[in-house]
Amino acid sequence: MDEELINWAIDKGLEWGADEIEIFSTYVDSFGIEVLLGMFPKTSKNIDSGAGIRVIKDKKIGFSYTTSFTKESFEKAIKEAISSASASVPLKDWVSLPEPDKYPEVRNLVDSKLVKLDPDEIMNITKRIISMLSEKDKRINPLSISSGAGYSKTIIANSRGVSVQNEKTLIYVGVGVMGVESSKRTPMIFEFDSSTLFDIKVDPLVETVAEETLLTLKEAKGRNEKATVIFHPFAFSQLLTYTLIEVLSGDYVKRGVSPYIDKIGETIASEILTLIDDGTLEKGLVSGKSDDEGVPMQRKILIEDGELKGFYFDNYTGKATGNASTGNGLRYEMHGFSTTPYANLPKPQPSNLIIKEGDEKLEEIISEVRNGYMLINLQGAHSSNTESGDFSVAAAPLWRIENGEIVGSLPGAMISGNMYQLLKHITHISKETKKIFHMVLPYIAIENVNVVVK
Amino acid sequence: MEDIIEEALDYGKEMNAQYVEIRLQKGSITSINIKDRNVQKTSIGLDVGGSIRVLYNGAWGIVSITNITKEEVLKAVKEAIKIARGASNMVKMPVRLSEVKPVQDKVKAELVANPADVSGEEKISTLLTLSDGLLKFDNRIKSVEIDYADMYITQYYGNTDQTYVEQEKVYVWSRIVGSAKENEVFTSARHELGSTKGYIIWKEDPPGKIVEKMGKRLTSQLKAKPPKAGVWPAVLAPEVVGVFTHEAFGHLGEADLAFSGAVTLQKIGQKVASEHVTIIDDGTIPGAFGSFAYDDEGVPAQKTVLVKDGILVSFMYNREFAAKFEDFLRMRFPQLLEVFNTKPTGNARAENFRYEPIIRMRNTYIAPKDYTFEELLEDIKFGYYFKAFRGGQANLDGTFQVGIQEAYEIINGEIGNPVRNVSISGNTLETLMKVDAVGKDFELHSGRCGKGQLAYDGDGGPHIRDKKITVGGEA
């Protein structure tokens, strides 16, 4: 992945007929282990490098990528990108690739201990979790215990003079268990932590998983009703991803399909809700000097005290709508279908999303609920209607709260509602937050949520 | 490629690996994205890489690389052995692979039309016609997004059990998503197409008909009302039967998930559905999106009956989990080995060289029986007709959720008003037990499934009737 080859490619791209050209090149080295049922270890190492090449010719966009870093492969890919552009039709509102800019310094994104990684250290984390779980209640069965770490380096360069390099390390741990008691089974109970530094703590994960599993094994009774539901960060992150986050993107704004167009400055949520997208977050999974097309990362408030403040844009949608990129031109796949970043064009996607914590402890919030529920995780968020905000999901699991106490779970329950209406019915936000991949979210209590029990 | 693989396998054996497998790939992937009337992406990717998988002291070591020179492949074998050895002290039961007949074969793609022979201009023009057609169908239709991809992949596979397979795989796929708005009501519709026979998706499913179908769905749902939450009898159309069969039952029939304690684990050889239900996973249907010649362990694809007249008779396996179930039954329930299959079924699939092969579905469906659509409806006083879905998800405990994009009331045996924002949920096995009639029609739809990695597959069936389905909505 040498810079000389990248510079050569930019010169050649222009020579072969591109008006503009961009090279996005990455190198990733990662290691992971997953132990199934506490018994069957599986280790894997991925060394993945590739370059995505975007060319613009007469406002037509062409793209190609290659996994091989030789002049021959680059030449082939550049020519494929140019011929793709020729076959396309002009994007009338295309302005230009990003210009050079000043980049922020974001702290704590690289841990040298993870750059030169010893797989044994990662394996030891998993061993420790398995041994901790084996000392817990026999009804708690390990399903999948995993841990992993990786290092990535990215170079972005374009014919307008952008040239920026990002480096990052990552470590993660996942604990998935199932509660089993005679013929009763809980849904998978899962806890997860990740960081850019080797500073994750596994003990609290194991404790939480154990506690949640035993609570879920206890069955409670509920009824079909509209009630207060406290959303666990896991559950809320999924609903957010398929509804609100999507419609705040520059893509929805540019195409005129966001329900929030022309609503800047209006109150769209409870006044205790503040939502921030921050690409400069220390130790953030999607933090960096620049986004994936070389625009500086930024911190931006999307919703402040319930008031809509703005949207997030990539270079194309920002310039095309008369705004500017907010440093959200990213190439990862938010919706989980696996691809490598260099195989994708950038599009407006959130960086690190933060809901500002509240000032009540979760314990206090629960104790105030006389008749309600707590939703830990769910199934089917991806079937939500993004534009309307309607969702109807299976709860997995849903806990019943009676007179301020969690009394058990309700297998087979469903939760439904309209996200954009429910945002106005947020009554409490917890002090505690959880990191769910690129989101940092508190527990959120919402009233008037539809609960349907089996 | 064959010589690199041979040398790497020998090297692994010399290093005392129990099993080594090398999978090298070269692919060319075209993808196009259209938003409304704008072509936002036209891409041709050159995807080359390899996957090395070894068993050492009963533990797996897997390495994927994008540089597949002989030197790098040998290095990867060494690395795979090193990490497997590192994990081998955690092994409580060594991995064993079920035996299969070695195969030597070279499989060429059999195409009706090679996507590489169709110009980029022509592909784009068809997609633009489709997008434009939908936007013009009705002015309440506000947005259309179309994704298109075709990929031509050559795979070179060899393992130390004497199997060597070269295989060409061609996929052509597209998905159209539209949305409409009137006052404050939003509706959306999606349609997905796929083929392994080449560039014939628009011949099999012409753009004009897609516009008509999606246009009607988008606009009729604008007048729809929310459903009544609760438990109701329902008729499921083939598309919904397909996603239900895949999501709700299929995942529980994957041996790795079953082994992890899915509800099906306790039901081996037992009744899991009403006697009207036969469920099949078939990788041999010519041209179907989930069909292929050999899976990614070199095992031939086959037609696997999972549920026969309501009885669970097989899971879907790769070699590792076939052996696990054989050992498990032999130890605990040897009498079940006669009524329950534990031979590999050819379900080991990897999205590409970046991933290891895991157990995935192929074309999964409920077999048709004898009812007409009218007969299915006639006994229902009040219930729902679920015609098209948008997404679904299952959990190991046997609960499923399927989002519905087109649904109607059934009143006194007749189709009534449309309803919107519906999703159905329940316990899979309880729901399958309550299937009381199965139609005689049949459709297979193309789709994609995510299980940490992506797989192309098909699902379908006839119309079916279920006595009790939980419908989410207003409490």
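Letters A, B, ... mirror the listed sequences (proteins, then strands); counts begin at 1.
Both the backbone and the side chain of Asn395(B) come within less than 4.5 Å of a heavy atom in chain A. Looking at Arg190(B), only its side chain comes within 4.5 Å of chain A, counting heavy atoms on both sides. For Phe389(B), no part sits under 4.5 Å from any heavy atom of chain A, backbone or side chain. Residue contact with chain B, scored on non-hydrogen atoms closer than 4.5 Å, involves the backbone and the side chain of Met123(A) alike. Looking at Ile404(B), neither its backbone nor its side chain comes within 4.5 Å of chain A, counting heavy atoms on both sides. In this structure, chain B has no heavy atom under 4.5 Å from any part of Ala81(A). For a residue to count as touching a neighbouring chain, one of its non-hydrogen atoms must lie under 4.5 Å from one of that chain's; by this rule Asp251(A) touches chain B with the side chain only. Neither the backbone nor the side chain of Ile53(A) comes within contact range of chain B; no heavy atoms are under 4.5 Å apart. In this structure, chain B has a heavy atom under 4.5 Å from the side chain of Lys254(A), while its backbone stays farther away. For Ser51(B), no part lies near chain A; criterion is any non-hydrogen pair under 4.5 Å. Contact annotation for Val180(A): neither backbone nor side-chain heavy atoms come within less than 4.5 Å of a heavy atom of chain B. At a 4.5 Å heavy-atom cutoff, the contact between Val144(B) and chain A is made by backbone atoms alone. At a 4.5 Å heavy-atom cutoff, the contact between Ile124(B) and chain A is made by side-chain atoms alone. Only the side chain of Phe31(A) comes within contact range of chain B, judged by heavy atoms closer than 4.5 Å. Both the backbone and the side chain of Glu145(B) come within contact range of chain A, judged by heavy atoms closer than 4.5 Å.
Chosen from Lys142(B), Lys123(B), Gln40(B), Lys181(B), the residue pairing most often with chain A at heavy-atom distances under 4.5 Å is Gln40(B). Ranking Met39(A), Arg185(A), Gln379(A) against chain B, the residue ahead of the rest is Gln379(A), based on heavy-atom pairs under 4.5 Å. Top candidate by heavy-atom pairs under 4.5 Å with chain A, chosen from Ile424(B), Thr30(B), Asp36(B), is Asp36(B). Counting heavy-atom pairs closer than 4.5 Å to chain A, the top-ranked of the candidates Thr66(B), Asn33(B), Asn38(B) is Thr66(B). Contact tally against chain A (heavy-atom pairs below 4.5 Å) for Val231(B), Thr470(B), Val91(B): the top residue is Val91(B). If you tally non-hydrogen atom pairs under 4.5 Å between each of Met414(A), Glu80(A), Arg255(A) and chain B, the highest count goes to Arg255(A). Among the candidates Pro187(A), Ala413(A), Gly256(A), Gly62(A), the residue making the largest number of heavy-atom pairs closer than 4.5 Å to chain B is Pro187(A). The residue among Thr186(A), Asn418(A), Asn141(A) with the most heavy atom pairs within less than 4.5 Å of chain B is Thr186(A). Taking Pro94(B), Gly120(B), Ala87(B), Gly403(B) one by one and counting their heavy-atom pairs under 4.5 Å with chain A, the maximum is reached by Ala87(B). Top candidate by heavy-atom pairs under 4.5 Å with chain A, chosen from Gly391(B), Ala59(B), Gly45(B), Ser179(B), is Gly45(B).
Looking at heavy atoms from C-beta onward, Lys42(A) lies out of side-chain contact with Leu36(A) at the 4.5 angstrom threshold. The shortest side-chain heavy-atom distance between Ile33(A) and Ile122(A) falls under the 4.5 Å cut-off.
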Practice prompt. Check the pair Lys45(A) / Asp29(A) against salt bridge (Lys or Arg N to Asp or Glu O under 4.0 Å), numbers first and verdict last.
Written response: CA-CA 7 Å; Lys45(A) 185 175 171 65; Asp29(A) 183 348; 2.9 Å; yes
Practice prompt. Dump the intermediate steps for side chain to side chain contact (heavy atoms under 4.5 Å, CB included) on Thr340(A) and Tyr65(A), then the final yes or no.
Written response: CA-CA 10 Å; Thr340(A) 37; Tyr65(A) 70 90; 5.5 Å; no
Item to complete: Let me see the working for Lys451(B) and Leu257(B) under side chain to side chain contact (heavy atoms under 4.5 Å, CB included), right down to the final yes or no.
Response: CA-CA 11 Å; Lys451(B) 183 176 167 185; Leu257(B) 297 186; 4.3 Å; yes
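The minimum heavy-atom distance between Ile62(B) and Ile83(B), with the atom names listed, is O-CD1, 3.8 Å. A pairwise comparison of heavy atoms in Ser88(A) and Lys60(A) identifies O-CD, 3.0 Å as the closest pair. The two residues Glu387(A) and Ser143(B) make their nearest non-hydrogen contact at OE2-OG, 3.9 Å. For the pair Ile34(B) and Leu127(B), the tightest heavy-atom approach, listed with the atom from each and the gap, is CD1-CB, 3.8 Å.
One finds the CZ atom of Phe63(A) at 10.5 Å from the OH atom of Tyr342(A) (value rounded to the nearest 0.5 Å). Distance check, rounded to the nearest 0.5 Å: OH of Tyr316(A) to CH2 of Trp94(A) gives 8.5 Å.
A donor atom on one side chain and an acceptor atom on the other are found under 3.5 Å apart for Ser147(A) and Thr126(A).
Using a 4.0 Å cut-off between charged side-chain N and carboxylate O, Glu320(B) and Lys324(B) make a salt bridge.
Atom NZ of Lys468(B) has 12 or fewer heavy atoms from other residues, nucleotides or ligands within 6.0 Å. Under a cut-off of 6.0 angstrom, the local environment of NZ in Lys267(B) is sparse, with at most 12 non-hydrogen atoms contributed by other residues, nucleotides or ligands.
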